Amino acid sequence: MESGLYATFFDDGEPSERELPAVGPLDHLVARHRVLVCERTSVHQAEDLDVAIDRWLEAELELQRATGREPGGPRRSKMRITARDGVFVRFAVFGDASERDPVPELGPFAVVHIGRHTIEADGQVLATRKASDIAPWELASAAGADHAGLSKPDVAFRTPTTPYHPSIAAAPGRAAQPALPPPATLRPAPVARPPATPTPPPIAPPPPVAPAPEPPALTPDDLEVIGRIERQREEETLRARMEEQERVRLGVNDADEAATTWAMRYRAPAAETATPAETVRPERALDLRDLAWRLRFAIIGVLVLAAGLYGFMLFRGGGGVASPIGGGVRTVGVAQRVQSDGWEYVVNGVQRAQSAGTARPTGVFYVVRMGITNRRAEGAQLGPNDFALVGPDGTQYAALSLASGAYQGSDNTSSPYFWPQSFPVGKTVTLGVIFDLAPSLGRGLQLTLPDLPNVRVRLE
């Protein structure tokens, strides 16, 4: 998971295995009345999660609805905010530089939940609103005893390495302690003197006591060691809270159960990393080997069946991968992966649209949804013009360029179709290639790929 904020949209009672994946990373995130304000410079998809493409697309659409780029608003009632190194929270007034009663930031938290009437962080209620979802947030005692009862309409988020949104006023500094006034000079009240008594002989004073030696001053190395110990203790505390929140969300009660999410693998120190001998359970390993031996014939049968099914799919689709040198044109179907020396492609589906934000087609927008993985090197680029559609009669139709105004940009911020600025090596980027076609077209179309001239993807 890259650094930055991640948002997960969900409903109460929804099983964790059916939740939408987290979308991000997000910068300058602010939750306002029925709309999210955020910036996004890249798209990250976790490689270790077996998530279907339709759930990824639904998570992306849910973010577009939450930010107002798609109509209708989000369909899920709650949102979970997480980050790799913890989340900081500020209750504020968006766009008010001279905000009254500013509230300091809170955190870091492992996870923050935003509902229609409650904001919770690590199980503590930070703010509520009882009237309706258009009322401002009323801060609870967990937000600080000095600020409990204040009302703030917006809530902003950041990570330890990113700032708040520029429209959020700076957080107030810690108030200085007032100097104590000097004590008043008191005059003793006159008292009656007792009658004179004989003066006792003088007592010899005790021998002087040598003053205790002062402790040596701390050196810069000592201060660095103390600071490092404090940071490690804070990180261990935050990591424990993040693991506990993940166990609660997934319903995991066994503290020894293997972690399956990024939060339960959060920055484990080297000293805590167990050796292979410490992590292996001999009894469990023996049980698994014994079970595998008993089920060997069933496993062999499943493998043979899978091999036969794979061969049938290759025969039906004309082969999963075609060589770009020599031979005729081969076709593959939707959801089949093809790759060259530099890129890997998989078409996830197609859709028609009457608009792309403010852009309108001459006929109809035909959007090819696909995932692209850079297998070459950092800085390798692809553009929409590298793709084309071929009709049944051999006619080729070029994709719209980035200059067409149909893709998301500064002049068309509401378009749900974006083109990434970069393709990270080894990471799959999901995007849409847009074509402007006549409404009568759509049957028998095939997609051509940039560096695989002998391969075409059969779209229907």
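This is a predicted model, so every value here is computed, not measured. The first residue in the sequence is number 1, and the count goes up from there.
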- So V112 and R80, side chain to side chain contact (heavy atoms under 4.5 Å, CB included) or not? Walk me through it. CA-CA 6 Å; V112 179; R80 181 186 303 115; over 6 Å; no

- Y345 six-ring centre to R337 NZ/CZ under 6.0 Å and within 45° of normal: no

- Query: Does any pair with a residue in residues 4-14 pass salt bridge (Lys or Arg N to Asp or Glu O under 4.0 Å), and if so which ones, sequence neighbours excluded?
  - Reply: D12-K78

- Please examine the side chains of L400 and P384, heavy atoms only from C-beta on, and report whether any two atoms are closer than 4.5 Å. no

- NE2 (H113) and CD1 (I119) are apart, to the nearest 0.5 Å, by 12.0 Å

- Item | Heavy-atom side-chain proximity of L126 to L139 below 4.5 angstrom | no

- Separation of F435 CZ from F387 CZ (nearest 0.5 Å): 8.5 Å

- What pairs of residues pass the salt bridge (Lys or Arg N to Asp or Glu O under 4.0 Å) test when at least one of them lies in residues 156-166, not counting sequence neighbours? E105-R158

- P416 versus G357, closest heavy-atom pair with distance: CD-N, 4.2 Å

- Item | Test item: N374 side-chain N/O and A377 main-chain N/O as donor-acceptor pair under 3.5 Å | yes

- Message: Looking at every heavy atom in both P74 and R65, which two are closest together, and how far apart are they?
- Response: N-CB, 3.9 Å

- Are the side chain of N348 and the backbone N or O of V334 linked by a donor-acceptor pair below 3.5 Å? no

- Report the C-alpha distance between T373 and T428 in whole Å, list the side-chain angles of each, state the deciding distance to 0.1 Å, and finish with yes or no for side-chain hydrogen bond (donor to acceptor under 3.5 Å, both in side chains). CA-CA 4 Å; T373 305; T428 300; 2.8 Å; yes

- Message: How close do A359 and A406 get, counting heavy atoms only, and between which atoms?
- Response: CB-CA, 3.8 Å

- Task: Report yes or no: does D436 contribute a side-chain atom to a donor-acceptor pair with the main-chain N or O of T362 at less than 3.5 Å?
- Result: yes

- Regarding S401 and S404, is there a side-chain donor-to-acceptor distance under 3.5 Å anywhere? no

- Message: Walk me through whether Y164 and F88 qualify under side chain to side chain contact (heavy atoms under 4.5 Å, CB included).
- Response: CA-CA 9 Å; Y164 289 109; F88 288 89; 3.6 Å; yes

- Would you name the heavy atoms of T8 and A22 that are closest together and state the gap between them? OG1-CB, 3.3 Å

- Are the aromatic ring centres of F94 and H165 under 6.0 angstrom apart? yes

- Taking all heavy atoms of W137 and all of G115, pick out the closest pair and write down the distance. CH2-O, 3.6 Å

- Item | N454 side chain to R330 backbone, donor-acceptor under 3.5 Å | no

- Message: Is any side-chain heavy atom of Q421 closer than 4.5 Å to one of Q381?
- Response: no

- Looking only at non-hydrogen atoms, find the nearest pair between G68 and V35 and report the distance. N-CG2, 4.4 Å

- Can you tell me how far the OG atom of S77 sits from the CZ atom of F9, to the nearest 0.5 Å? 11.5 Å

- Query: Should Y6 and V23 be marked as a side chain to side chain contact (heavy atoms under 4.5 Å, CB included) after you check the CA-CA gap, both sets of side-chain angles, and the distance that decides it?
  - Reply: CA-CA 6 Å; Y6 287 79; V23 290; over 6 Å; no

- Query: Does R75 offer a backbone N or O that forms a donor-acceptor pair with the side chain of E62 under 3.5 Å?
  - Reply: yes

- Task: Look only at the side chain of R55 and the backbone of E19, and say whether a donor-acceptor pair between them is shorter than 3.5 Å.
- Result: yes

- Message: Surrounding CG of D341 (heavy atoms of other residues, nucleotides or ligands, distance under 6.0 Å), is the total greater than 12?
- Response: no

- Task: Go through R376 and E344 one step at a time and tell me if the salt bridge (charged side-chain N to carboxylate O under 4.0 Å, His left out) criterion holds.
- Result: CA-CA 10 Å; R376 183 173 299 170; E344 182 179 278; over 6 Å; no

- Item | Donor-acceptor pair, side chain of E120 and main chain of I114, under 3.5 angstrom | no

- Note on the structure: To the nearest 0.5 Å, atom CZ of R375 lies from atom CH2 of W343 at 11.5 Å

- Task: Please assess Q354 against R360 for the test side-chain hydrogen bond (donor to acceptor under 3.5 Å, both in side chains), listing each intermediate value before the final yes or no.
- Result: CA-CA 7 Å; Q354 298 298 327; R360 298 293 184 269; over 6 Å; no

- Query: Is the shortest heavy-atom distance from the side chain of P136 to the side chain of K152 under 4.5 Å?
  - Reply: no

- Query: With a 4.5 Å limit on heavy-atom distance, are the side chains of V433 and W419 in contact?
  - Reply: yes

- Rounding to 0.5 Å, atoms CG (L29) and CD1 (I81) come to a distance of 5.0 Å

- Query: Are a donor atom and an acceptor atom from the side chains of N412 and T358 found within less than 3.5 Å of each other?
  - Reply: yes

- Please tell me if the side chains of R90 and V155 come closer than 4.5 Å, counting only heavy atoms from C-beta onward. no

- Message: Could you walk me through whether L389 and L447 satisfy the side chain to side chain contact (heavy atoms under 4.5 Å, CB included) test, starting with their C-alpha distance in whole Å, then the side-chain angles of each, then the deciding distance to 0.1 Å, before giving a yes or no?
- Response: CA-CA 5 Å; L389 292 180; L447 179 71; 3.8 Å; yes

- Item | Main-chain N/O of P439 paired with R352 side-chain donor or acceptor, under 3.5 Å | yes

- Residue pair V390 / R456, side-chain heavy-atom distance below 4.5 Å: yes

- Item | Straight-line distance of D154 CG to D96 CG, nearest 0.5 Å | 10.0 Å

- Any Lys/Arg nitrogen of R129 or E138 sitting under 4.0 Å from an Asp/Glu carboxylate oxygen of the other? no

- Check the pair D451, S340 against side-chain hydrogen bond (donor to acceptor under 3.5 Å, both in side chains), reporting the backbone distance first and the verdict last. CA-CA 7 Å; D451 49 351; S340 65; 2.5 Å; yes

- Task: Report yes if some heavy atom in the side chain of W56 is under 4.5 Å from a heavy atom in the side chain of T430; otherwise report no.
- Result: no

